[in-house]
Student: 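Handing you this structure, nothing more for now.
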Amino acid sequence: QMSSFYLRKYDVFSWTENSRGLFELSNDCDFYLDTDFGKRYVIHCKRGLVWDGASVPKPFRWYLPNIDENNLPYTAAGLLHDCCYGAELLSKELSDDLFRGVLRDAHIPRRKASFAHLCVSFGAKSHYGKEHDRFGIRFYCSMDEIE
């Protein structure tokens with residue numbers, strides 16, 4: 001399965017981990033995405049945004065980490081997916097597709113990216129939408145279509 005989204009470029013970003021195991025963005029940053037369907041987007045993330053990484057359950061973190069400090073695109077995949085879910089920037093299906101595409105851009109092998117995509121497709125469906133935005137992500141991110 002191929003994704004429709006590609007991470008074209010991104011601002012360097014950093015984060016801190018809090019005592020609850022959540023991550024807080026330390027600086028404002030933008031992520032530029034290309035699509036197979038001829039559109040380009042930029043997702044703006046503001047300092048202070050809190051997310052839970054790639055939401056990988058602890059028993060599977062040997063296979064896929066929650067955060068990878070040495071692979072910013074991998075970490076961006078979880079951040080962007082949470083933004084898309086919490087702020088409803090894209091439909092659930094497109095948000096999941098974006099997650100898989102950014103994982104592939106992070107050089108995650110197809111099998112692992114497909115496993116992660118399958119997990120969010122089925123396991124995260126009850127977390128989509130502003131009414132399920134536990135961390136107030138919708139106040140810290142936005143998306144614009146660009147030329």
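FYI, the numbering just counts along the sequence from 1.
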Student: I need the H44 NE2 to F31 CZ distance, nearest 0.5 Å.
Tutor: 11.5 Å
Student: Are R100 and D96 close enough for a salt bridge, meaning some N to O gap below 4.0 Å?
Tutor: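 Salt bridge between R100 and D96, a charged N being under 4.0 Å from a carboxylate O: no.
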Student: Any chance the rings of Y128 and H132 have centres within less than 6.0 Å?
Tutor: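 Centroid distance Y128-H132: not below 6.0 Å, so no.
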Student: Output a table of donor-acceptor pairs, distance under 3.5 Å, between side-chain atoms of residues 7-15 and any protein atom two or more places apart or on a different chain; print 'none' if there are none.
Tutor:
{"unit_1": "R8", "atom_1": "NE", "unit_2": "D34", "atom_2": "OD1", "d": "3.1"}
{"unit_1": "D11", "atom_1": "OD2", "unit_2": "D30", "atom_2": "N", "d": "2.9"}
{"unit_1": "S14", "atom_1": "OG", "unit_2": "N27", "atom_2": "OD1", "d": "3.4"}

Student: Counting heavy atoms not belonging to E147, are there more than 12 under 6.0 Å from its CD?
Tutor: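 No, the 6.0 Å shell around CD holds no more than 12 heavy atoms from other groups.
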Student: Using modelled atom types only, decide if a donor and an acceptor are shared between the side chain of E24 and the backbone of T16 within a distance under 3.5 Å.
Tutor: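 No, the answer is negative, given that no donor and acceptor are paired below the 3.5 Å cut-off.
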Student: Please enumerate all residues that pass side-chain contact (heavy atoms from CB on, under 4.5 Å) together with K39, with sequence neighbours excluded.
Tutor: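 Checked K39 against side-chain contact (heavy atoms from CB on, under 4.5 Å); matches are T35, F37, Y41, E145.
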Student: Let me see the working for Y6 and L98 under side-chain contact (heavy atoms from CB on, under 4.5 Å), right down to the final yes or no.
Tutor: CA-CA 8 Å; Y6 306 94; L98 178 144; over 6 Å; no
Student: For D52, which residues count as a salt bridge (charged side-chain N to carboxylate O under 4.0 Å, His left out) partner, sequence neighbours excluded?
Tutor: R134
Student: Got a second to check how far D82's CG is from F99's CZ, nearest 0.5 Å?
Tutor: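 Going from CG on D82 over to CZ on F99, the span is 8.5 Å.
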Student: Tell me, please, which residues at least two apart from F139 pass ring pair (Phe, Tyr, Trp, His ring centres under 6.0 Å).
Tutor: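 F139: no ring pair (Phe, Tyr, Trp, His ring centres under 6.0 Å) contacts found.
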Student: Kindly work out whether a path of hydrophobic side-chain contacts (I/L/V/M/F/W/Y, heavy atoms less than 4.5 Å apart) joins I108 to W62.
Tutor: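 In one cluster with I108: W62, yes.
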Student: I'd like to check L94 versus F5 (side-chain heavy atoms, cut-off strictly below 4.5 Å). Are they in contact?
Tutor: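 Side-chain contact under 4.5 Å: yes.
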Student: Hey, could you give me the NZ/CD1 distance between K46 and I137, rounded to the nearest 0.5 Å?
Tutor: 14.0 Å
Student: May I ask you to test the F23-N66 pair for a side-chain heavy-atom distance under 4.5 Å?
Tutor: yes
Student: Does the D28 side chain pair with the main chain of R47, one donor and one acceptor, at a distance under 3.5 Å?
Tutor: yes
Student: In the structure I gave you, are the side-chain heavy atoms of L33 and R40 within less than 4.5 Å of one another anywhere?
Tutor: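 Heavy-atom side-chain distance check fails, nothing below 4.5 Å.
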Student: For the atom pair OH (Y63) and NZ (K112), what is the distance rounded to the nearest 0.5 Å?
Tutor: 6.0 Å
Student: Who pairs with R138 by salt bridge (charged side-chain N to carboxylate O under 4.0 Å, His left out), at least two apart in sequence or on another chain?
Tutor: D133
Student: What closest approach, in Å, do V50 and F135 show between heavy atoms, and which atom pair accounts for it?
Tutor: O-CB, 3.5 Å
Student: Given 3.5 Å as the limit, does a donor-acceptor pair link the side chain of R110 with the main chain of S114, or not?
Tutor: no
Student: Report the distance from atom CG of L25 to atom SG of C29, rounding to the nearest 0.5 Å.
Tutor: 4.5 Å
Student: Taking distance alone, no hydrogens or angles, what donor-acceptor pairs closer than 3.5 Å link side-chain atoms of residues 71-79 to residues at least two apart or in another chain?
Tutor:
{"unit_1": "N71", "atom_1": "OD1", "unit_2": "Y74", "atom_2": "N", "d": "3.2"}
{"unit_1": "N71", "atom_1": "ND2", "unit_2": "A106", "atom_2": "O", "d": "2.9"}
{"unit_1": "Y74", "atom_1": "OH", "unit_2": "P65", "atom_2": "O", "d": "2.3"}
{"unit_1": "T75", "atom_1": "OG1", "unit_2": "D68", "atom_2": "N", "d": "3.0"}
{"unit_1": "T75", "atom_1": "OG1", "unit_2": "D68", "atom_2": "O", "d": "3.0"}

Student: Should M143 and V42 count as side-chain neighbours, where that means a heavy-atom distance under 4.5 Å?
Tutor: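 No, every pair of side-chain atoms sits at 4.5 Å or beyond.
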Student: Test of understanding: clusters of I, L, V, M, F, W, Y form through side-chain heavy atoms closer than 4.5 Å, transitively. Do F115 and V102 belong to the same one?
Tutor: no
Student: L49 versus C83: any side-chain heavy-atom pair under 4.5 Å?
Tutor: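 Contact flag for L49/C83 side chains = yes.
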Student: Are L80 and L89 connected in a single hydrophobic cluster, I mean Ile/Leu/Val/Met/Phe/Trp/Tyr linked by side-chain heavy atoms less than 4.5 Å apart?
Tutor: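 Result: yes, single cluster for both.
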Student: Once rounded to the nearest 0.5 Å, what's the spacing between atom OG of S95 and atom NE2 of H81?
Tutor: 5.5 Å
